[in-house]
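Have a look at the structure below before the remarks.
Treat the numbers as computed from the prediction; the structure is a model and nothing was measured. The sequence lines fix the lettering, A, B, ..., with proteins before strands; numbering per chain opens at 1.
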Amino acid sequence: MMNDQATMPSHNKILVVGGGIGGIRAAMDLAESGRNVVLIDKSVSIGGLITQLDRTFPTNDCDLCTLSPRLSEGGRQEHIDLLTMTEVKKVSGDVGNFTVTLSQTPRYIDLEKCTACGDCFKVFPECVSFNPGLDHRAPTCMRYPQAIPQAYAIDMHKCQDVKALENVCKAGAILPQQTSKEIELEVGAVILCPGADVFDPSGLDHFEYGKNPDVVTSLEYERILSASGPTQGELVRPSDGKKPEKIAWIQCVGSRGLQKGAASYCSSACCMFALKEAIVTKERFQDSIETTIFYMDMRTFGKEYEQYRERAENEFHVNLVRSRPHSIVGDEATGGLDITFAPDDGSPSITETFDMAVLSTGFKVSESVRKMAGTMGIELNAHDFAKTDEFSPVATSVPGIYVCGLFEGPKDIPETMVQASAAACLAAKATQPAVHIDEDTLVNLPERDVSSEEPRIGIFICDCGLNIGGVVDTQNLAEFGKTLPQVAVSQVVGHGCSRSSMDIIHKTIVDEKLNRVVIGGCSPRTHETKFQDLLQRAGLNKYLVEIANIRDQDTWVHADDPEAAKQKARHLIRMATSSVKNAHPLIEHSLPMHKEILVVGGGVSGMTTALSLADQGFKVFLAEKAPQLGGLAGRIKKTIEGRDVPVFMEALTQKTLQHPGIEVIFNAIIVDHTGMPGMFKTGLQIAPQMYYRQIEHGVTILATGALQNRPETFLLGENPAVMTQLDMDTLLEEDLDRIKAMRTVAMIQCVGSRCPENQNCSRICCQSAVKNALRLLDINPDMRIFVLYRDMRTYGFTEDYYLEARKRGVIFVRYEKDAPPQVRPEKDGIEVTFVDPILGQSLALSADCLCLSTGLVADDEASEDLAMIFRLQRTGEGFFLEDHVKLRPLDLSTPGFFVAGTAHSPKNIKECIADAQAAAGRAQTLLAKNSIELGAAVARVDSNKCAACLVCVRACPFDIPFINADGYSEIDPAKCHGCGVCAAECPAKAIQLMQFEDDQILAKLDGLLERMVA
Amino acid sequence: MITAERKPLEEIIDSVKPFQRILLVGCNECVTVCAAGGRKEVGILASALQMNFMKAGQTIDIKELTLERQCDPEYVEELSTHMDQVDAVLSMACGCGVQEIARRYKDKPVLPAVNTKFMGASERQGVWAERCQGCGDCLLGLTGGICPIARCSKRLLNGPCGGSTNGKCEISPEVDCVWQLIWDRLKALGMEDRYEDIMPAKNWQTGRGGGPRKIIREDLAE
Amino acid sequence: MKQFEPVIVAFCCHYCAYTAADMAGSKRLSYPANVNIVRVPCSGKVDAIHLMKAFEKGADGVYVAGCLEGDCHFKNGNTKVARRVAYVKKLLDEIGIGGERLEMFYMSAGMGERFARVATEMTKKIRKLGPNPTKAMSTGNQGEAVA
Amino acid sequence: MKTESTLEKILASGNLAVTSECGPPRGAVPDKVKEKAEMLRGYVDAVNVTDNQTAMVRMSSFAACVIIKQMGMDPILQMVTRDRNRLAMQADILGAYAHGIDTMLCLSGDHPHFGDHPQAMNVHDIDSIQFVQMVHTMREKGTFQGGDDIINPPKMFIGAAANPFADPFELRVARLAKKAKAGADFVQTQCIYNLDKFETWMKGVVDRGLHEKVHVLAGVTPMKTAGMARYMKNKVPGMDVPDEIVDRMAGVPKEKQAEEGIKICVESIQRLKDVEGVSGFHIMAIEWEQKVPEIVKKAGLYPRPEIA
Amino acid sequence: MSFRKRLAAGEFVVLAEMNTPKGVNISKMVLDSRRIKGRVDAVIIPDMDNGVMKMSAMAGGVLMHQQGVEAIMHVYCRDRNSMALQGDLLASHVLGIQNLIVVHSEDMTVGDHREAQPVNELDELGLIAAIRTLQDGKDLAGFELDGRPDFTTGCTIASYKDGELELAEKKVAAGAEFMVTPPVFDLDVFAAFMEKAKRLNVPVIPTVFLIKSVAIARYIATSEPEANLSETLIKRIRKASDREMEGIKIAGETVAALRDMAHGVKIQTLGWEHRLGAILDAAGL
């Protein structure tokens, strides 16, 4: 069902539906690889669910900090056309040639003009659309402060006096006449990432949600924690504003079929979500707050998530109670919540009083998404999620339409990010890159050499539609600018970032032969690149501009004191002018890009990633250390859905071997590595003759896999009746007679996982056990199967198989970590003794076969060797360490390196394939470039001053500086991240951070404090 | 390397008070590495002095300069062009540098801005510790490469005194008992029996006991 | 006599405090205009010399604002600069400028309120401390410190 | 006999020796010395006279020894390497011996860091073992440390200190061996509270046969208060006071604590008497000399043997 | 002193392997050879080793000759018939190459020209005999030569396994004057071999192989148990903070140890010829 038949793409546009984190990722990946993207979202700004989160696990990062630069990136991508308040009405045509009809609801706001000043909201709060949160009103009606687009939206129906509303907007951005419009688009492919809704618990009587304000959903609780939320980050109880002392989380609300209307699947992310909320509660507010999580199975199956759970329990003392509370009843007398639950040891029900209860609500597909899928003719699965294939995880049933994120199945952020990049990779294949107009040569004037010129500074003051002009007299400010030394031009330019104003600035720079520019306007965070581009077009080096933030940091905050605002605006202009004098042209190093890719590892991930890239015309070197392809997946027979793995693998292998764009290098051992992203050189030794060969490549993808864990416990390797799940998988295909003869099979979970030797959860073993149990029953329906587990982690839709197994009589018995089952060899089998948690008694059973769920472990020796050669980071368990566990799960921290498959962490085949396609998608974004751009804000060492004291070597957070053969510190500009810590610590003042040189910073101080000198 | 530490500002301020024009000279060798007198420290001190005098409505003229090395006459010569414009030199080099400037510029007062401390090594970023006393007769070969002269509070050559507790010296729990270190090292090297030999009384003639020292390499000296 | 209006320099990390300042702007949270921001890529870029020079040039108060602990984009630039700030505070005490004129603050990008609060508190504090002593003699009296 | 030392004679006779100590006054008051020494008369075989103990300036040990000698008692001259270089030390030894002082204790001394002259130069020209060796060479070879012959060399009975409790513990026996090798005739140990650990050490000493080369006088100090016990436990380097001792002291009312301290001290002596290799006791009753007779009596060490 | 003379005098010879480029960029080869000029007695030039097409050894040998480095050229039977071999041998002599090693050639199927036609008209023994014949002034057809070539010719042995020595004995009988043996990872095993190899009565030159990574070591240990690469050695590299340097040190130590056991060494770096100097340093040469 892989729908990647070669079709000639005729359109180079791709439609991305949904502007959540996944949609943004897919759109950005596509845009960076040169595709034109139309990104639509039905709400007023993009960002989706994640913008409501306070911090994300397991790093507990502040999401706003990690996300906001990402969104502005999305906003300014040349190739991305962003349409908000827009939905898909119709899709027709085939892959490569879709016609899409979109409908856009009116915003009643001119995006070009709106400055997000908020005046409309101040006067007519009721007419401005807002995002419903826990409270009725967020402090600003933009969904979050860094909203893209930075504009409000009006709800015209609620507006009584349209004229007055229009008048309130100084920018004249309100368009009451706007109507819905239909847009027709021709696209080559569609990516669906509409996200999902969360379960609405108000229908559940026993939890009093909706009745009692102190019962909230986890997302609402998230808003309470958030600094940008209704309580501005204060933890207070909604009912009376008191600080809660005891908070309970109730898991699986709306998931695992527990309540009325609940879905049968597992929502996959809620356990970690609850743990995170509990930890943040303790960390941020008060350690004494009691936090209790009521759960069925603690499903922390992601990379290093198990350690997070351990920390929650042991360091933060979060109470984890294995139980399903049967009711929450508000206690009028105390104002508390009485939660009644039955402990899982069978003892009688307990009622405990809490101050707040958080319902961990699961995901579900919204009605509108289901409808949209219907119009597209996409097949849905039993749970209304887009149906995908295990071997083609992001392709829908309609060729050319791809899916990622929650609509594909409940999942966490990293998997969403992976699927987004995978979908981008596949969609890119269905389209051609946009005709690349080299803007540098077409639009830009040749860069002028200004090094010998005296500074001629041009100051341009933006009035920003009264945002600035309404508070300070911009004309007066411009006059002030003229009095500053070396200023040639100082003028007001209206709306600085509008096209017409940009043209004026452009012309003035050229006509007046300006060689430094100061913009008095809004924040450089959002507009610096825009003005840098302008300078470049006008023939000036882009680093000769300085922005004085007179809007966000002056007129917006000092509107109440115009005199002070005026003085400060002058300070800011003077600081910028003084600093820009010392700015010098910086060169962004650029080198030609090698478009070849080295893929290390020829398993399912390696082959898939190689094929994904080779299909797009890239040359791939696939280095495999074994004499054949296949890896670990080559040993698996069946997937949980019953798909035949060997058939799939054989086809994949043949395709890989026969692809003209792939050179498979067998018996390849990597021995050396040099270079930088875009021009790596890797040395291989090819066994058995040890022929040495060097490969030049632009990108490296590590798909080196993992090892099947075979710990020497439970008589594994000693007794023929003891085997791993992988052995059983083979046995099920190859020795039916032996299976048929078995009467009792025992399985033990978490063997060699979640233990001191390997703290990780191996993620795949619970589903493997369920898979094999069901297959055993298919062959031998009378077989007695016991699965001894600690937590059953059949996340997502695999929960259905767990349910089926239970229905079909598989007996699941939980054991405690410190009381593992005991085994003893018997004459024709094995005796397994375990403690029944309900009876509290030890039970013994005679099994014909003991199946150990041993999971996967990193190939420590091999990954360590590669990590040393490639200079990569690894986790404590020996897996490669990604750059950001959530947002950049496949990018390694060394640029140009990506990881796919089980080299990242244990995964099933479907996840590996998604990884592989995603890694290809990520690689593509680099490979689309023709040259390697190295930023200019890098540290530079003056070797004459350097004392080789090693301070920079020790201080650098990224280990970039080193003392070179000449005896002084050297900082590779390609690797420098530009933080400037080395420059600040250098005792010889031999290091300067370009763009933030000391003389620039001191000049700013001079500008500010000038009158002291005068 | 030679380590040093900036003198208390009060002392420096007192010493420069009589002068109007100061040449503040750093050194790009050891004192840079130990963050006592490199270009950066020169800048900070200049700024601090400036502010101190501005506070009283006075100004002081400070010229900042950092030499490659203050203990070599050729580098010190670089100061000559500035000498007629200054009243005094404030040196941030070790004592060697201060003396070298004093030797060359006989008519200018030279003031030290740092206290020269010891010959040491970087324990980690920002932490330097004494390692050598320059006794002129190295016995590290006998003590597992760890010097009891520089690092034992009592310069004991034959083992720890009775005050050694949990591997720390009796004078402070911040100070390692060097004999604990030596013993651990000897054990690691399988050289425990070394300890049993009595180390004879040290001949201090090769050290300061013999008066000011000089090294003359006949093949190099002119 | 007019109230003394100090000049305060705030070195703000691009990723967090500077964004928080923008956020204070977009939320229209008012704070005293005395605070002037110098943007740095990471608070760890702020050198002890920058801090000293700011006072030498006449700033009445200076503060560095970096990311919350553990949130630094460059791992630990914020904790590094905090140590530097502590060191310079001591130095300022020694020369009689007063270490309390220099502070270190932490905030995340989302904390517009905190930015405004810090700016307000710092301004209040410096107002109370009066002008930078290096200016006291040259300007004669407090009131005229601001043009 | 190697020397004329009374202590040597007592030890040679096989009797358990008893020594105690007397800290000279911080002033030029000879009566104070006499007063303290008088309390000990008849109860101990020799009296240690400390040398600028705890790095505080006091009347010199040499002078105080002369006073005690004149009283007809036997002083032990303590000398530390901290304050004198090898010239001064040898000179003082000659002087002391000339005044009939024939027993001495060679120490490195407390660091001036803790004393009343922390600015003082820390001499440490030689260390304590080299010191022992030097005195031994003076006696046996009749030469100065520099190699020249001595006219009428001093025949000092040489003592040293041993701390069985300091770290590294495994070096402690070896260190005693080294002192024995250097020529120490006897050692006085650090105050013993942790008897188990002391016995472990002593076993090591006996296993190497060191007790036959050097006499070990076990050091004991009666505690006055629970506070003192705690202080010694936590603040005094190289001191090992087990929790049960502290608890025992703290377990009795304040007014009975002194009595309890004496009791503990006596019990310790009783137990240590039976430890192989222990040749006697050194009772350090700091500023509490008046209690020494009581301890000696209760411990069954009285009367002291008469040695001709 | 030339390789031949050193060999004859029983002096320890240090040889380094120097590969020809796949292509015509000879700069690395020239540069690498200059780095070790004077530090080794001769360099060995493999000829399309492993079935990978590269610049021919003869050209490489001449190039080395031009750099003033004595060369030892590989000759083998896979790619050339007896005519071509004889012609090339005569040419080599004329161009200044004095030393040959007759090697076994890898199967065509392992190389990069899997479809090429293997020749194998002669075998190793035959080739050694042919060289002897040429030196005697005749070609293989029996015709007189106008001027005789002169070579010092060596042979190889495939492994340290039993049975290989018998084969080598035949090669020596056919005219081989020295013998190059496979990489040595275990000195004891090699010492035992040397004991047995005495009877051949020719100089034995073992190979010292530069281990570049743990993966290489692991590969050799698992796939070639007869190479006797021990777990201890792997651990030693794994524990090293600089694995590259550790590999070099190990190679250097092996070279040093072999000085007392063999008649010379061949240092094989396979692509890392720029590190030869470091190995020689580590060996104390």
Side-chain angles (χ1 to χ4, degrees), chain A residues 60-62 64-65 68-69 116 118 139-140 142 144-146 150 226-228 232-233 523-526 549 551-554 556-561 564-565 567-568 571-572 575 937 955 957-958 977-981 983-985 989 993 995-996 998 1001-1002 1004-1006 1008-1009 1011-1013, chain C residues 5 7 9 11 14-16 18-19 21-42 44-50 53-54 57-59 67-68 70-77 80-81 84 108-114 116 119 134-135 138 146-147:
Chain A
N60 289 3
D61 284 333
C62 156
L64 229 42
C65 307
S68 64
T140 113
M142 274 185 281
Y144 55 101
Q146 290 92 337
Q150 273 262 338
S226 171
S228 63
Q232 293 171 25
S523 177
R525 281 187 321 109
T526 48
N549 190 347
R551 187 186 73 173
D552 303 35
Q553 295 179 1
D554 187 26
W556 272 0
V557 285
H558 308 313
D560 50 345
D561 187 354
Q567 285 305 333
K568 186 161 168 187
H571 286 167
L572 292 171
M575 284 165 83
F958 305 100
H977 290 52
C979 65
V981 164
E985 300 218 338
K989 298 273 34 145
L993 180 69
Q995 223 193 324
F996 293 94
D998 287 331
I1001 289 179
L1002 295 181
K1004 263 188 195 157
L1005 297 176
D1006 281 337
L1008 171 64
L1009 304 158
R1011 74 206 173 288
M1012 287 302 301
V1013 183
Chain C
E5 287 299 342
V7 180
V9 179
F11 290 98
H14 171 83
Y15 287 95
C16 296
Y18 194 88
T19 309
D22 279 358
M23 173 113 132
S26 59
K27 288 188 174 181
R28 309 298 193 275
L29 303 168
S30 140
Y31 55 85
N34 309 56
V35 172
N36 297 277
I37 295 173
V38 175
R39 181 168 65 118
V40 285
C42 169
K45 165 74 184 81
V46 180
D47 195 325
I49 294 187
H50 299 159
K53 289 284 172 190
K57 289 173 194 290
C67 301
L68 295 177
D71 276 359
C72 175
H73 277 239
F74 302 105
K75 296 186 183 167
N76 57 1
K80 283 187 172 127
V81 75
R84 253 172 261 153
S108 79
M111 296 180 167
E113 288 83 358
R114 178 161 164 77
T134 63
K135 301 193 295 191
S138 58
V146 165

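Contact of the A:Leu1008 side chain with the C:Val9 side chain is registered, since non-hydrogen atoms from C-beta on lie closer than 4.5 Å.
Of the two parts of A:Leu1002, the backbone and the side chain both hold a non-hydrogen atom closer than 4.5 Å to a non-hydrogen atom of chain C. Of the two parts of A:His977, the backbone and the side chain both hold a non-hydrogen atom closer than 4.5 Å to a non-hydrogen atom of chain C. When heavy atoms are compared at a cutoff of 4.5 Å, A:Asp560 approaches chain C solely by way of its side chain, counted from C-beta outward. Of the atoms belonging to A:Asp554, not a single heavy atom falls under 4.5 Å from chain C.
To the nearest 0.5 Å, the span separating CG on A:Asp552 from OH on C:Tyr18 amounts to 7.5 Å.
Side chain of A:Lys568 to backbone of C:Val35: a donor-acceptor contact under 3.5 angstrom is found. Not a single donor-acceptor pair under 3.5 Å links the side chain of A:His558 to the backbone N or O of C:Ser30. Judged by distance alone, the side chain of C:Lys80 and the main-chain N or O of A:Ala955 form a donor-acceptor pair under 3.5 Å.
Note on A:Arg551 versus C:Asp22: no salt bridge recorded, every NZ/NE/NH1/NH2 to OD/OE distance being 4.0 Å or above.
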Step by step, work out the side chain to side chain contact (heavy atoms under 4.5 Å, CB included) result for C:Ile49 and A:Asp998. CA-CA 9 Å; C:Ile49 294 187; A:Asp998 287 331; over 6 Å; no
Just do the side chain to side chain contact (heavy atoms under 4.5 Å, CB included) check on C:Arg39 and A:Asn549 with the steps written out, would you? CA-CA 10 Å; C:Arg39 181 168 65 118; A:Asn549 190 347; over 6 Å; no
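Minimum heavy-atom separation, C:Pro41 to A:Leu993: CG-CD2, 3.5 Å. Shown here for A:Val557 and C:Gly25, the closest heavy-atom pair between the two residues is CG1-CA, 3.7 Å.
Ranking C:Ala48, C:Gly112, C:Ala54 against chain A, the residue ahead of the rest is C:Ala54, based on heavy-atom pairs under 4.5 Å. Ranking A:Gly980, A:Cys979, A:Ala937 against chain C, the residue ahead of the rest is A:Cys979, based on heavy-atom pairs under 4.5 Å.
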